[in-house]
Amino acid sequence: TNPRLCLTAPIEFGVGHVVDGTSLVSAVCTAQGFVFNYSTHTSLLSADISALLLLTGDPAFNYQEHELNERLKRLYPAVNEEETPLPRSWSPKDKYSYIGLSQNNLRVHYKGHGKNHKDAASVRATHPIPAACGIYYFEVKIVSKGRDGYMGIGLSAQGVNMNRLPGWDKHSYGYHGDDGHSFCSSGTGQPYGPTFTTGDVIGCCVNLINNTCFYTKNGHSLGVAFTDLPPNLYPTVGLQTPGEIVDANFGQQPFVFDIEDYMSEWRAKIHSMIARFPIGERLGDWQSVLQNMVSSYLVHHGYCATAMAFSRATETMIQEDQTSIKNRQRIQKLVLAGRVGEAIDATQQLYPGLLEHNPNLLFMLKCRQFVEMVNGTDSEVRCFSVHSPKSQDSYPGSPNLSPRHGATNAHVHNTGNTDTLHTNIFEYAMHASKAKHIKLNLFTNVVYLHSPETSSAVDCVFWCVDSDSEMEIEAEHYSNGVTESSTRIMNGTYKHQEILQADDSSVDDSCSSRQLCGGNQAATERMIQFGRELQALSEQLCRQYGKNATHKKMLQDAFSLLAYSDPWNCPVGQQLDPMQREAICSALNSAILESQNLPKQPPLMLALGQATECVQLMARVRSGSCSFARVDNFLH
Amino acid sequence: MCVCNVLKHEVTFIVVPNDCIDALVCLGWKSFPLFPGLKLPWTSELQCLRRWEAGLCSPSRDFHRQLATEVTATSRHYVDRLFDPDPQNVLQGVIDMKNAVIGNNKQKANLIVLGAVPRLLYLLQQSSSSLELRTECAVVLGSLAMGTENNIKSLVDCHIIPALLQGLLCSDLIFIEACLRCLRTIFISPVTPVQLLYTDPTVIPHIMSLLSRSQHTQEYITQIFAHCCKTPEHQMVLFNHGAIQNIAPLLISPSYKVRMQALKCFSVLAYENAQVSMTLVNVLVDGEQLSQVFARMMQRDKPIEMQLTAAKCLTYMCRAGAIRTDDNCIILKTLPCLVRMCSKERLLEERVEGAETLAFLMEPDIELQRIASVTDHLVSMLADYFKYPSSVSAITDIKRLDHDLKHAHELRQAAFKLYASLGSNDEDIRKKITETENMMDRIVSGLSESSIKVRLAAVRCLHSLSRSVQQLRTSFHDHAVWKPLMKLLQNAPDEVLVMASSTLCNLLLEFSPSKEPILESGVIELLCSLTQSDSPALRVNGIWALMNMAFQADQKVKVEIVRALGTEQLFRLLSDPDTNVLMKTLGLLRNLLSTRPHIDQIMSSHGKQIMQAVTLILEGEHSIEVKEQTLCILANIADGNTAKELIMTNDDMLQKIKYYMGHSNVKLQLAATFCISNLIWNEEDGSQERQDKLREMGFVDILHKLTQASDPSLCDRAKTAMQQYLA
C-alpha cells in the first residue's frame with residue numbers, strides 16, 4: 001500500500017469538533033481504491049468522517065455516505081445511533097487473518113491457502129444489529145466465486161470463532177453457496193435454497209419481531225432459514241477458497257430485494273394488532289378513562305367553553321371550578337399574545353406568592369417580557385406608541401421600510417468614532433450569523449473601550465445601544481405607529497375577543513414594520529431600563545441561589561437581539577417567534593395548577609410520554625416491534 | 001416424449017423435453033375451468049352476507065321459534081296492504097314490510113309465496129307511483145334477494161331483472177341506486193343466468209353511462225360486471241362499450257369497495273383476452289401506467305383480496321402476451337405475491353386461488369418455474385395443501401372441520417395443478433417435487449378420488465412428472481402409478497382421458513419399467529379405441545402410445561398391435577386431417593417395420609397397402625417432416641430380405657426415391673439415400689442385380705454427385721453407398 005495522504009496534525013473544524021492529537025487519521029490508497037484506516041477514539045463519528053472526506057475530496061464516497069445515511073434513516077427510524085450504531089461496513093478488527101478488506105471495508109476477499117475447512121475465515125460487521133430496527137436487511141454480491149465457491153453469508157454473535165464459516169458454531173448462522181444449505185449452529189447443513197455463485201446477490205433479513213431470518217437471492221425471498229435467533233447478532237460473511245470476493249451493501253446502494261415492501265407488511269400487522277387489542281368486558285371503563293383524559297386536557301389548557309361542552313355531552317365531572325379555569329385561560333392568553341408584563345401582574349394579583357416562590361419562573365417570564373419589548377408587543381412598550389403620531393406623518397405611505405442597517409451605514413459617513421465601532425459590531429454580528437453560535441466573546445475586544453467592566457459581550461452590546469442616541473432617533477424615524485387597539489387594552493379591559501384582536505394586529509404589525517420596540521423612542525428607553533432591571537434581577541438571583549447557566553444563556557440570548565440591525569432576521573431571532581411563547585406559557589400554567597394542588601401535566605400528555613418511553617424501552621429490551629409501533633404514527 | 005431418428009434400419013428414441021407436447025398441454029389447460037368468474041369467492045361473500053343477516057335476527061333459538069309463528073300470521077297482512085287504495089297507506093305498508101323482512105329469511109320466503117313480488121314489481125314500474133314508493137319497492141325487493149337462492153330464483157322468475165333494468169332509465173339517483181343494489185344482489189347469485197344482462201343491447205351502454213353518477217352506482221355496477229363477465233363474448237361486449245376507459249379511473253377512487261370491484265372487473269376482462277390485455281397496458285390512470293397501479297395494489301400492506309386480484313390481473317395480462325414474463329413487475333412483484341398467497345397464513349380460499357393463478361402464470365415459462373421453485377419454500381409449502389381436514393380440526397372444532405372439508409378438494413387440486421406447472425420443464429424441480437413428503441402416494445390416491453377436478457389435476461401433475469426419465473425409472477415404478485392410471489382411463493371424461501393417455505405415452509417409453517405390466521394389462525385395445533375418438537388430442541395420444549409401445553417390441557406385441565388396430569384403421573389414420581396423428585402413425589409404422597424378420601413378415605401380409613400408402617403420402621401435399629418420416633419407412637422396407645423386392649419391382653417408387661435424392665432439403669436427401677444404400681447393400685442375396693438395375697437407372701451418378709455434398713452426413717452416407725459398388 002502506498003500512503004497517498006497522511007493527516008496527522010490535529011484538525012479543527014468550523015463547527016467546533018476537534019479531532020485531538022491522539023487520533024491519527026490516515027488515508028491510504030490501495031490497489032483497489034481508497035481505504036481509510038481509523039485508529040481513533042470511538043467518538044469519531046461518521047459525520048466527522050464525512051467532514052474529513054470533504055477535505056480529501058472524494059465526491060463519490062461522499063455521495064455514497066450521504067445515500068447510506070439517508071437510507072438507514074428511512075429504513076430504521078426507531079434506531080438511536082448514539083446508543084446502538086448500525087453496521088455500516090466490515091470490521092477490520094473483527095476478522096480472521098485470511099480475510100482482506102478493501103473499498104471502504106465493504107469488499108471482502110480471501111487471502112489464505114484454502115486447502116480445507118480449517119482455512120475458513122470470516123469477518124463481522126462493525127456493530128451488531130440493533131433490535132430497534134424491527135426488520136434488518138443487508139445484501140452481499142458475489143463478485144467472484146473463486147476456486148470452489150465455499151462462501152457463507154449469515155450472522156454471528158460477538159466472540160464466535162472467525163476461523164470458521166458462519167453457521168458452524170454456536171450462535172452462528174449461515175447460508176452456503178456451494179450446496180445451498182443453511183447451517184444453524186451446526187457443522188451439518190440442512191437443504192435450504194439454491195446454490196449461489198458469481199454475479200448473484202444474496203440478501204439476509206433478520207426479523208427482530210419474531211426472531212427469524214430469511215435469505216433472498218437476486219431479489220427473491222427464499223423463505224425462513226432460522227428461527228429463535230438470539231439478540232445482538234452481527235452481519236457476517238465467511239470465505240474458504242482463493243479468489244473468493246464478495247461486496248457488502250449495508251444500505252450504500254439500493255437493495256435488489258424490496259425490503260421496504262416487506263417492512264410495510266409488518267408495520268401493517270403491528271398496527272392492526274394495536275388497533276385490535278382486546279379490551280374485553282371493560283369497554284365502559286375504557287370509555288370513561290378516555291373521556292376523562294380528554295376533559296382534563298381541555299381543562300388544563302384552559303379551553304373552558306369546550307371543556308364545559310364536552311363534560312355536558314359525556315356527563316363527566318370537572319375537578320377545577322370555572323373561575324379558576326377562566327383565570328388561567330386569561331393569563332395564558334396574555335402570554336400567548338406577547339403581553340407578558342400584564343400576565344405577570346395578573347398572576348401576582350390572582351395567585352399571590354406564586355411567582356415569589358418560583359424565582360426561576362419569574363426570571364423566565366421577565367426574560368420573555370424583554371423579548372416581547374423588543375418585539376414591540378409587551379404593553380410596557382406598546383403604551384408609548386400612541387404618542388408618536390409624527391412617525392405616521394413622516395412616512396405615511398410606506399409600510400415596507402428599507403433595511404435598517406442601510407440607514408446605519410449612512411450614519412457611518414458623517415458621524416464619528418463610536419459609530420464606526422458600532423458598525424463594526426454589526427459587521428461582527430453579521431459574521432456571527434454566518435458562523436452560527438460563534439462565541440460572543442469576539443465582541444468583548446471590540447467594545448472593550450466602552451465598558452471596561454463587562455464580563456459578557458451581551459452587556460457591551462446592550463450598553464452600546466444605550467449610549468448611542470443616534471440609533472434611537474433613527475429608530476423613531478421608522479416607527480410606523482402601533483394600533484389603536486393597544487389604547488383599548490390600556491383601558492384595562494381584558495375581554496377575550498379584544499385580546500385576540502390585539503394579538504392579531506400586533507402580529508401583523510411586527511411583520512410589516514419590524515421595528516425595535518415598535519419603533520418608539522420612549523419605548524426603547526423603557527426597554528433599556530427594563531433590561532437593566534433584568535440584569536440586576538439576574539445578579540440578585542445569582543447571589544441568592546448561585547450561578548445558573550440556563551439563566552445566563554437566556555439573558556445572553558435575549559440581549560443579543562439588540563446586536564443585530566434586524567433582530568427578526570438574526571441567528572437569535574427565533575426568540576421573537578410567537579411560537580416561543582408556548583413553552584413559557586405552559587410552564588406558568590403548570591406552576592399555577594401545581595399551586596392549586598392539581599396535576600401540573602394533563603394525564604393525556606403523561607400517557608403520551610409514557611407510551612413514548614415504553615417504545616424506547618422496548619428497543620432497549622430488544623423487542624423489535626417497537627420499530628413499527630412509533631407514537632408519532634398515531635399523532636396527526 | 002420421443003422422436004425417431006434413422007440409423008440404417010435401427011430406430012432410436014430420444015427423450016425430448018416437452019416442446020412438442022406444449023401444444024397438447026395448452027389444449028388441456030384451456031378446457032380446464034380456470035375462469036375466475038366461476039370460482040368460490042363470491043359464493044362465500046354471499047354466505048357472509050347471509051350469515052350477517054341471520055346473525056341480526058336470530059340471537060337465540062327460542063326467539064327464532066317465536067318468530068316463525070308470528071311470521072305466518074303477519075305476512076298476509078303485509079301483502080294485503082300493498083293493495084290498499086290509498087297510495088299513502090301503500091307506501092307505509094311497503095316501509096313496514098321493509099323493516100319486517102330485514103334479516104328474516106322466513107318472512108322473506110312467506111312474502112314471496114304470498115305473491116308480494118309481482119305486486120311490488122307492478123308498483124315499482126307504475127309511473128303513477130310516487131318516486132318514494134318506487135324506491136321503497138326496490139329496497140324491499142333488494143332485501144328479498146338477500147335471502148336464500150330460492151328467493152333469487154323466484155324473483156328472477158317474476159322477471160325482476162328487466163323491470164329493474166327499466167328502472168335505471170329513471171333520472172332519480174336514489175331510485176337508480178336502489179335498483180342497482182337489488183340487481184347487484186341478484187346477479188352475484190350463482191342461480192341467476194348472467195345472459196340476462198346482455199339480452200337487451202341498450203342495457204350495457206346505459207349502465208356504463210351511470211358509472212359517473214355516484215360512488216354507489218360505481219360499486220354496484222363494477223360488481224355486476226365482475227360477476228357477469230364469463231365468456232369471451234361478454235368480455236367483448238363490455239370492452240366495446242368502453243369498459244376499460246370508464247372503469248380505469250375507478251382504480252384510484254377514494255372508496256375501497258369501488259377500487260376493489262373495479263380491480264375485479266379488470267381481472268375478468270383480461271382473462272385469456274389478448275385484445276383487452278393489450279389495451280390495458282397502454283391505459284394511464286392519473287398519469288401512471290396500469291401495470292404500475294396494479295403493482296402498487298400488490299404491496300404487502302394492502303388487503304390480501306386486493307393483492308391477490310391485482311396479481312391475477314397482471315397474470316392474465318402476461319399470459320395474453322401484453323407483459324413480458326421477464327418484466328420486473330412479473331418476476332419481482334406478481335410471482336412473489338402469488339407465492340405469498342399460498343402460505344399457511346392465508347385463508348383456504350386465498351390459497352386455492354393463489355396456487356391456481358400461479359400455476360397459470362408460470363406454466364409456459366421455465367424461468368418463472370425456476371424462480372418459483374426456490375421462492376419461500378413453495379414446493380414444501382404446497383405439501384400442506386394435502387393436510388385438510390387436519391386431525392386437530394376434526395376433534396376440536398366441528399365448524400372448522402366443515403370448513404376444511406369443503407375446501408379440501410379445492411386445495412388438493414390446486415396443489416396438483418401448481419406442481420404440474422412447476423415441474424413441466426425442469427428436471428431438478430421434478431426431482432424436488434417427487435422428493436416432497438409422500439408426493440407419489442398423494443398423486444396415486446388423487447388419481448382415484450371422487451372429485452373429477454382432483455383426478456384431473458392429479459393426472460396432470462403425474463404427466464408433468466412423467467417427462468423425467470429418472471422419475472419414470474424410479475418413483476413411477478416403485479409406486480406402480482400405472483395401475484390407477486389404467487383405471488382412470490376406463491370411462492373417464494375426455495379432458496381426463498387426454499391427460500391420462502398423454503401420461504401413458506410416457507410410461508410406455510422403452511426404458512420405462514412400467515411398460516411391461518401395462519402391456520400385460522391389455523392396454524392395446526384401449527389405445528386402439530382411442531385412435532377412433534373424435535378428439536384429435538385423443539387420437540394423437542392413442543397412436544403415440546402405440547408407437548412408443550412398438551418401439552423395439554417383440555414380434556408378438558407388434559402382431560397384436562396390427563391385429564387390434566386393423567389395417568383399415570391404420571390407413572384411415574394415415575389420411576387423418578391432423579398432422580400430428582399422421583406423424584405418429586408413420587412413427588408407428590416405422591417402429592413396426594424394424595428388424596428384418598419383422599419387416600418381411602409385415603410386408604408379406606400388408607405390403608401392398610403399405611406401399612400404396614407410402615406412394616400416396618409422397619405424392620401428396622405434406623410437410624417435409626411427414627415426407628422424411630415416410631422415406632424412413634421406405635428405408636426400413638428396403639432393409640427387409642423379401643420386402644426389398646416390393647421396392648425394386650416398383651419403378652415408380654424408385655423414380656420417387658431418385659427425385660428425393662436430388663431434393664433441395666438435406667433431410668429428405670439423407671432419407672432417400674439411406675433407402676438406396678439399404679437396397680444395394682452387398683452381403684445380401686441378389687445385391688448384384690439390384691446394384692446393376694439401380695446403376696442403369698442413374699443412381700450411381702447421383703450418389704457420386706452427393707459425395708461432393710456440403711452437408712457432411714449426407715456426404716458420408718453417399719460415400720458408404722458408393723463403397724457397396726466398389727467392393
Side-chain angles (χ1 to χ4, degrees), chain A residues 134-135 137 139 175-177 179-182 190-197 200-203 205 207 209-210 212-227 254-276 627-629 633, chain B residues 256 292 294-308 310-311 326-346 358 362 367-384 422 426 428-429 431-433 435-437:
Chain A
I135 282 161
Y137 185 70
E139 280 180 351
Y175 165 37
H176 292 194
D179 55 7
H181 287 186
S182 64
Q190 296 290 317
Y192 167 68
T195 59
F196 57 86
T197 183
D200 286 330
V201 176
I202 303 301
C205 178
N207 183 329
I209 301 161
N210 59 12
T212 59
C213 160
F214 69 86
Y215 288 91
T216 66
K217 180 182 169 182
N218 301 327
H220 294 281
S221 161
L222 304 178
V224 171
F226 310 114
T227 57
F255 291 120
V256 180
F257 176 72
D258 192 347
I259 187 65
E260 283 168 73
D261 196 24
Y262 179 71
M263 285 173 154
S264 75
E265 184 181 346
W266 277 89
R267 190 171 299 119
K269 263 186 206 174
I270 303 249
H271 281 198
S272 78
M273 204 193 285
I274 294 170
R276 287 197 218 123
S627 177
F628 302 121
N633 292 336
Chain B
Y256 172 77
Q292 294 305 307
F294 290 150
R296 206 149 26 77
M297 289 173 149
M298 285 191 299
Q299 278 170 8
R300 300 170 78 147
D301 53 350
K302 296 283 185 295
I304 297 301
E305 184 193 28
M306 181 173 265
Q307 290 185 39
L308 181 53
D326 58 0
D327 192 301
N328 270 350
C329 88
I330 297 296
I331 286 203
L332 290 175
K333 294 283 162 207
T334 311
L335 183 132
C337 173
L338 288 171
V339 174
R340 287 202 301 276
M341 295 304 139
C342 300
S343 93
K344 219 172 173 172
E345 289 168 44
R346 302 275 72 87
L358 183 57
M362 65 187 177
E367 199 46 44
L368 290 181
Q369 290 157 10
R370 285 189 180 136
I371 292 170
S373 74
V374 298
T375 301
D376 286 340
H377 307 300
L378 178 64
V379 175
S380 53
M381 200 198 290
L382 282 176
D384 188 72
L422 270 172
D426 189 295
D428 289 341
I429 302 176
K431 186 162 177 278
K432 210 166 158 181
I433 293 172
E435 282 167 1
T436 312
E437 47 167 320

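As the structure is a computational prediction, the values presented were derived from the model and not from experiment. In what follows, every heavy atom counts, from backbone to side chain, and hydrogens, waters and symmetry copies are set aside. Proteins come first, then strands; the chains are lettered A, B, ... in the order of their sequence lines, and each starts at number 1.
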Chain B interface, residue from Tyr215(A), Phe214(A), Tyr262(A), Trp266(A) that has the most non-hydrogen pairs under 4.5 Å: Tyr262(A)

Heavy-atom pair count under 4.5 Å with chain B, highest-scoring of Ser264(A), Gly219(A), Pro191(A): Ser264(A)

I need the Ile331(B) CD1 to Ile371(B) CD1 distance, nearest 0.5 Å. 4.0 Å

So, the part of Leu378(B) with a heavy atom under 4.5 Å from chain A: the answer is neither

Salt bridge (Lys or Arg N to Asp or Glu O under 4.0 Å) between Asp428(B) and Arg370(B), intermediate numbers included: CA-CA 9 Å; Asp428(B) 289 341; Arg370(B) 285 189 180 136; over 6 Å; no

Any carboxylate oxygen within less than 4.0 angstrom of a Lys/Arg side-chain nitrogen, looking at Asp258(A) and Arg300(B)? no

Heavy-atom proximity to chain B below 4.5 Å, by part of Asn218(A): backbone

Within the side chain of Thr334(B), is there an N or O that forms a donor-acceptor pair under 3.5 Å with the backbone of Cys329(B)? yes

With a 4.5 angstrom heavy-atom cut-off, which part of Lys302(B) approaches chain A: side chain, backbone, both or neither? neither

Please check if the side chain of Glu367(B) supplies one atom and the backbone of Asp326(B) the other of a donor-acceptor pair under 3.5 Å. no

Report which part of Lys269(A) has an atom under 4.5 Å of a heavy atom belonging to chain B: side chain, backbone, both, or neither. side chain

